[in-house]
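Worksheet: one structure, shown below.
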Amino acid sequence: MANFKDAGHLLRMAAVFAVGIALFLVARSIFVPKSFGQYGHYRGAALAEVASKPVMFAGHGACEGCHTDVYEVKSKGVHAHVACEACHGPLAKHADDPTALQPPKMDVAVLCVRCHEAGLAKPKTFPQVVSAEHSGGVVCDTCHQPHSPRIGDATTASAEKPSGGSK
Amino acid sequence: MSLTRRHFLILLPAAAVAWEALVAGTPEAAPNYNMTDHWWGLLIDVTKCIGCGTCVQACQAENLVPDGYYRTWVERYHVADWSIENPVVDSPDGGKHGFPASKNEGGKNFYVPKMCNHCADSPCTQVCPVGATFVSPDGVVLVDQKYCLGCRYCIQACPYGCRFLNPETNTASKCTLCYHRITKGLTTACCETCPTGTRQLVDLKNPNDPVHKFIETHSVQVLKPHLATKAKAFYYGLDGSVR
């Protein structure tokens, strides 16, 4: 120890550093969220938080399970690829518990023209009409059955019966 | 054996590291969904878009997006003659309620749905000063609402204009590619409700996904490829006027 006879201040300094580093590590372990760095430079738990948000649109698979009669008609028509909730709106609550939420009434005057009103920017192959000229104010479902709209296909508007879940 | 002060000091940092490892615990396992099995993207077939705005409405309903803010929107393009450098673009209410009729002025008219491109090398995540936004292991760009400071840096950084500051939470907000849906085996709200199949979710790690096959065998492109963001929203039939 003869070589370090005046080393006391160095040791005290080293001790201060050691305590400082230890405090930093302790503080870091307290303040940095537990899952930070689990997958990368972010809080890993955030993934589960985003994934846990409630679903609003049940998906057409959920509808087709109960409303088999509508599915039967729709799958044969030109609207086969249009998902139920594209027109009927978000109905996950109804799918979870059919009594909890009844699907709102559809306003065909608004719904049909949303897609089918003629527009310059629409693809030429897409069926579109100038609604005022096409029907002269007669509502669309007088002639077209929305689930299978081509006249003469599957069933007519009047032949469609209310589906399983609705009363 | 007695512990000298010297040995105590030597052991202290090691003990601190061990304690940190102890309190960190083990990560939670995600149920029934393996992140590393997926790499999500999107196909947008511009040739099918009719500008109905169903996707915009569905997105707002699914994700409770405040009025006047859009996680996805639809643009209408008009290109006069050959002048693809100067398109006329409009998007009233993000195309949420469709588009008003336009005069026939010749040239090209078409709709382009826009949304987060879920870039694999995204500028928005690189600029976040606190690690509040990130690319998930399955390729979705997400925001950690609890960690975001609301500094808006990411909003400036996104070259596609896909982010906004949510006025209710004062944190950055954006398309999550319906992460809460795709992790449950559903498709996104916009893809689910798109009546023409313009938008389709694609798993770029699943070779049997038909949309994956489509991208593999057709001429597709991403927006602003020169920025090398590795965008994963693939556009089919896109005109050169779209930026």
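Chain identifiers are assigned alphabetically (A, B, ...) following the order of the sequence lines, protein sequences preceding nucleic acid strands; residue numbering begins at 1 within each chain.
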Intermediate values then yes/no, side chain to side chain contact (heavy atoms under 4.5 Å, CB included), B:L64 and A:M56: CA-CA 10 Å; B:L64 310 174; A:M56 300 292 175; 4.0 Å; yes
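- Heavy atoms closer than 4.5 Å to chain A are found nowhere in B:C55, neither backbone nor side chain.
- In terms of heavy atoms, B:G131 sits closest to A:F36 at O-CE1, 4.3 Å.
- Contact annotation for B:I50: both backbone and side-chain heavy atoms come within less than 4.5 Å of a heavy atom of chain A.
- Only the backbone of B:T47 comes within contact range of chain A, with at least one heavy atom under 4.5 Å from a heavy atom of that chain.
- Surrounding OH of B:Y153 are at most 12 heavy atoms belonging to other residues, nucleotides or ligands under 6.0 Å away.
- Comparing A:G61, A:A18, A:P33 by how many heavy-atom pairs each has under 4.5 Å with chain B, the most go to A:P33.
- The nearest pair of heavy atoms linking B:P195 to A:V82 is O-CG2, 3.5 Å.
- For a residue to count as touching a neighbouring chain, one of its non-hydrogen atoms must lie under 4.5 Å from one of that chain's; by this rule B:K48 touches chain A with the backbone only.
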Pair B:T125-A:H41, side chain to side chain contact (heavy atoms under 4.5 Å, CB included): steps then yes or no: CA-CA 10 Å; B:T125 60; A:H41 188 71; over 6 Å; no
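- If you measure heavy-atom distances from B:V46 to chain A, you find no contacts under 4.5 Å at all.
- Only the side chain of A:F126 has a heavy atom closer than 4.5 Å to any heavy atom of chain B.
- Atom CE of A:M13 is surrounded by 12 or fewer heavy atoms from other residues, nucleotides or ligands within 6.0 Å.
- Only the side chain of B:Y147 comes within less than 4.5 Å of a heavy atom of chain A; its backbone N, CA, C and O stay farther away.
- Taking a 6.0 Å sphere around NZ of A:K105, one finds it holds 12 or fewer heavy atoms contributed by other residues, nucleotides or ligands.
- For B:V140, no part sits under 4.5 Å from any heavy atom of chain A, backbone or side chain.
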Verdict with reasoning, B:T54 to A:R114, per side chain to side chain contact (heavy atoms under 4.5 Å, CB included): CA-CA 9 Å; B:T54 308; A:R114 192 162 95 194; 3.0 Å; yes
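- A donor-acceptor pair is defined here as one N or O able to donate and one able to accept, closer than 3.5 Å; no such pair exists between the side chain of B:E192 and the backbone of A:A83.
- The two residues A:Y42 and B:S136 make their nearest non-hydrogen contact at OH-CA, 4.0 Å.
- Only the side chain of A:E49 comes within contact range of chain B, with at least one heavy atom under 4.5 Å from a heavy atom of that chain.
- Contact of the B:H180 side chain with the A:V50 side chain is not registered, since no non-hydrogen atoms from C-beta on lie closer than 4.5 Å.
- In terms of heavy-atom pairs under 4.5 angstrom with chain A, the leader among B:N104, B:T187, B:V135 is B:N104.
- The residue among B:G53, B:P137, B:G98 with the most heavy atom pairs within less than 4.5 Å of chain A is B:P137.
- Distance check, rounded to the nearest 0.5 Å: CZ of B:F99 to CG of A:L120 gives 13.0 Å.
- Neither the backbone nor the side chain of B:A101 has a heavy atom closer than 4.5 Å to any heavy atom of chain A.
- Other residues, nucleotides and ligands place no more than 12 heavy atoms under 6.0 Å from the NZ atom of A:K93.
- Closest approach of B:C52 and A:C115 over heavy atoms only: CB-SG, 3.9 Å.
- Taking the six-membered ring for Trp, B:F134 and A:Y39 have ring centres at least 6.0 Å apart.
- Taking NZ of A:K53 as the start and CZ of B:R181 as the end, the distance is 14.0 Å to the nearest 0.5 Å.
- Within 6.0 Å of the NZ atom in B:K205, the count of heavy atoms belonging to other residues, nucleotides or ligands exceeds 12.
- With a threshold of 4.5 angstrom between heavy atoms, A:A118 does not approach chain B through any atom at all.
- A distance of 7.0 Å separates CG of B:D138 from CG of A:L47, quoted to the nearest 0.5 Å.
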Side chain to side chain contact (heavy atoms under 4.5 Å, CB included) evaluation trace for B:T193 with A:F57: CA-CA 9 Å; B:T193 56; A:F57 288 86; 3.5 Å; yes
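- Residue with the most contacts toward chain B among A:P54, A:G119, A:C87: A:P54 (heavy-atom pairs, distance under 4.5 Å).
- For the pair B:N109 and A:K122, the minimum side-chain heavy-atom distance is 4.5 Å or more.
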